[in-house]
Amino acid sequence: MRENERVTSATRQPETPAADIPPRLIATDLDGTLLRDDKSVSPRTVAALAAAEKAGIEVFFVTGRPARWMDVVSDHVHGHGLAICGNGAAVVDLHGGPGAHRFVKVRELARENALDAVGLLREAAPGTVYAVEQTYGFYQEPDYPKLHMEIPDNLAPAEELLAEDGPGAAEPVLKILAYHPSIDPDAFLTLSRLAIGDRANVTRSSPSALLEISGPGVSKASTLALCCAERGISHEEVVAFGDMPNDVEMLTWAGQSYAMGNAHPDVIAAASGRTVANNDDGVAVVIERMLERR
């Protein structure tokens, strides 16, 4: 791997070197990637994003966050104003501002699949507790810990929350969250993928044993691919950034991809390049150099 000061060049070489293809879209994760650990967007990063948009490169925020947690970047959207939320479960228009986000596309988790996943995981990992993320509502089991700093709309067993006549029945389910108090996070992810199989897509973005379970085939990568296809943008024209397992598919799909200096080992293995940590403005470092080359 050749070093260029603090950013290393790609180790994967496509048929046409990705660096020779002008990028048309930047896809970046938020937590642990674009955002610093204090959840702020640094002035340097704000300037880099604005410069990319001015140069005609679209910027997509691609995150596991729900739409209601997107206020942290709502002031930094340009042009299209779209973000991919919930690990690909929703495309959201942020132009409305806090509390007025509009869902452009929803890729829901069928309640039948969600119930299957809950049942299979209860058997494979006793002690797992659940929360349910919907387009607007958030519901959880009574024993689910306070991980999200918000008051749930309802407390009940997951089987009741996911019933066809349960609370929030009129809203699509975007994903379910599964938490275990004692299993190693990576081991929990592996166990859950084996137990659930193709009934749902399982990933994680938290340092704790907290899994995010979406519909079959729903991921950051698959929804980003749909958004790019609508714009006539190929994967070779996409530059992606990430730090956790829920970013792996997106980083593998993009023509150029960068793991943050603080990234999970699986992310480092999947990305074609590496930048510095989120607290050192690793996304901005790459964008600045990318624009200099243009």
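Keep in mind that the numbers below use all heavy atoms, side chains included, and drop hydrogens, waters and symmetry copies.
Using a cutoff of 4.0 Å between basic side-chain nitrogens and carboxylate oxygens, Glu230 and Lys105 are scored as salt-bridged. Using a cut-off of 4.0 Å between Lys/Arg side-chain N and Asp/Glu carboxylate O, Glu58 and Arg231 are scored as salt-bridged.
Nearest heavy-atom pair across Tyr130 and Ala178 is CE2-CB, 3.7 Å. Summarising the geometry of Arg44 relative to Val285, their closest heavy-atom pair is NH2-CG2, 3.6 Å, with the distance given to 0.1 Å. Contact between Gly242 and Leu251 at its shortest, heavy atoms only, is N-CD2, 3.8 Å. Between Arg199 and Pro216, the shortest heavy-atom distance links the atoms O-CG, 3.4 Å. When all heavy atoms of Gly64 and Lys220 are compared, the pair lying nearest together is N-CE, 3.9 Å. Here the shortest heavy-atom pairing between Ala271 and Ala259 reads CB-N, 3.5 Å.
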Yes or no on salt bridge (charged side-chain N to carboxylate O under 4.0 Å, His left out) for Arg122 and Glu141, after CA distance, side-chain angles and deciding distance?
CA-CA 13 Å; Arg122 283 204 195 281; Glu141 294 189 321; 2.4 Å; yes
Run Arg107 and Ser214 through side-chain hydrogen bond (donor to acceptor under 3.5 Å, both in side chains) and show every step you take.
CA-CA 9 Å; Arg107 305 181 69 196; Ser214 306; over 6 Å; no
I'd like to know whether Leu25 forms a side chain to side chain contact (heavy atoms under 4.5 Å, CB included) with Glu237, so could you lay out the CA-CA distance, the side-chain angles of the two residues, the decisive distance to 0.1 Å, and finally the verdict.
CA-CA 7 Å; Leu25 187 141; Glu237 297 171 303; over 6 Å; no
After noting the C-alpha distance and the side-chain angles of Arg68 and Glu133, does the key distance pass the salt bridge (charged side-chain N to carboxylate O under 4.0 Å, His left out) rule?
CA-CA 11 Å; Arg68 64 183 179 279; Glu133 187 76 63; 2.5 Å; yes
Before giving the answer on side chain to side chain contact (heavy atoms under 4.5 Å, CB included), spell out for Asn87 and Val218 the whole-Å C-alpha distance, their side-chain angles and the decisive distance to 0.1 Å.
CA-CA 7 Å; Asn87 291 326; Val218 175; over 6 Å; no
Start with the C-alpha distance between Asp281 and Ser42, add both sets of side-chain angles, then the distance that settles side-chain hydrogen bond (donor to acceptor under 3.5 Å, both in side chains), and finish with yes or no.
CA-CA 7 Å; Asp281 301 327; Ser42 74; 2.8 Å; yes
Any chance you could lay out the side chain to side chain contact (heavy atoms under 4.5 Å, CB included) test for Thr28 and Phe61, step after step, and finish with the verdict?
CA-CA 5 Å; Thr28 179; Phe61 301 127; 3.9 Å; yes
Could you walk me through whether Thr45 and Leu34 pass the side chain to side chain contact (heavy atoms under 4.5 Å, CB included) test, one step at a time?
CA-CA 8 Å; Thr45 297; Leu34 188 80; 3.4 Å; yes
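A 4.5 Å side-chain heavy-atom check between Ile287 and Ile26 finds at least one atom pair inside the cut-off. Taking 4.5 Å as the limit, every side-chain heavy atom of Pro66 sits out of range of all side-chain heavy atoms of Phe138. No side-chain heavy atom of Leu211 sits less than 4.5 Å from a side-chain heavy atom of Ile176. Side chains of His264 and Val248 form no contact here, defined as non-hydrogen atoms less than 4.5 Å apart. Between Pro185 and Arg204 there is a side-chain heavy-atom pair separated by less than 4.5 Å.
Note: the hydrophobic cluster containing Leu291 also contains Leu49 (ILVMFWY, side chain heavy atoms under 4.5 Å, direct or indirect links). Transitive grouping of hydrophobic side chains (ILVMFWY, heavy atoms separated by less than 4.5 Å) keeps Val129 and Leu161 in distinct clusters. In the hydrophobic clustering of this structure, Val59 groups with Met260; members are Ile, Leu, Val, Met, Phe, Trp, Tyr whose side-chain heavy atoms approach within less than 4.5 Å, directly or through other members. A continuous path of Ile, Leu, Val, Met, Phe, Trp and Tyr side chains, each step under 4.5 Å between heavy atoms, connects Ile213 with Leu189, placing both in one hydrophobic cluster. Val132 and Leu155 sit in two unconnected hydrophobic clusters of ILVMFWY residues. Membership requires side-chain heavy atoms under 4.5 Å apart, directly or through other members.
No donor-acceptor pair under 3.5 Å is formed between the side chain of His180 and the backbone N or O of Ala209. Distance alone, capped at 3.5 Å, places no donor-acceptor pair between the Ser40 side chain and the Arg36 backbone. When atom types are taken as modelled, the side chain of Arg65 and the backbone of Trp69 share a donor-acceptor pair closer than 3.5 angstrom. Asp29 contributes no side-chain N or O that, together with a main-chain N or O of Thr63, makes up a donor-acceptor pair within less than 3.5 Å. At least one donor-acceptor pair under 3.5 Å links the side chain of Arg274 to the backbone N or O of Gly261. Panel note: side chain Asp247, backbone Asp243; a donor-acceptor pair is recorded below 3.5 Å. Remark: the backbone N or O of Ala125 is paired with a side-chain donor or acceptor of Thr128 at under 3.5 angstrom. Using a distance-only test at 3.5 Å, with no hydrogens or angles considered, no donor-acceptor pair links the side chain of Arg24 to the main chain of Val238. Judged by distance alone, the side chain of Ser257 and the main-chain N or O of Trp253 form no donor-acceptor pair under 3.5 Å. Side-chain N or O atoms of Asn262 include one that pairs as donor or acceptor with a backbone N or O of Asn278 at under 3.5 Å.
With sequence neighbours left out, Lys175 forms a salt bridge (Lys or Arg N to Asp or Glu O under 4.0 Å) with Glu212. The ring pair (Phe, Tyr, Trp, His ring centres under 6.0 Å) check on Tyr144 picks up His148, with sequence neighbours excluded.
Between Glu150 atom CD and Gln140 atom CD the span is 8.5 Å, to the nearest 0.5 Å. In this structure, CG on Leu191 lies 9.0 Å from CD1 on Ile196, to the nearest 0.5 angstrom. One distance of note links CG of Leu30 with SG of Cys85; it measures 8.0 Å at 0.5 Å rounding. With rounding to the nearest 0.5 angstrom, the CG atom of Asp31 is 9.5 Å from the CG atom of Asp37. With values rounded to the nearest 0.5 angstrom, Leu82 atom CG is found 5.5 Å from Asp93 atom CG. From Tyr258, atom OH reaches atom CD1 of Ile268 across 15.0 Å, with rounding to the nearest 0.5 Å.
Under the 3.5 Å distance criterion, with hydrogens and angles disregarded, no donor-acceptor pair is assigned to the side chains of Thr252 and Glu249.
Taking the six-membered ring for Trp and the full ring otherwise, the centers of Tyr179 and Phe188 sit at least 6.0 Å from each other.
Enclosure of atom CD in Glu112 is not indicated, since only 12 or fewer non-hydrogen atoms of other residues, nucleotides or ligands lie within 6.0 angstrom.
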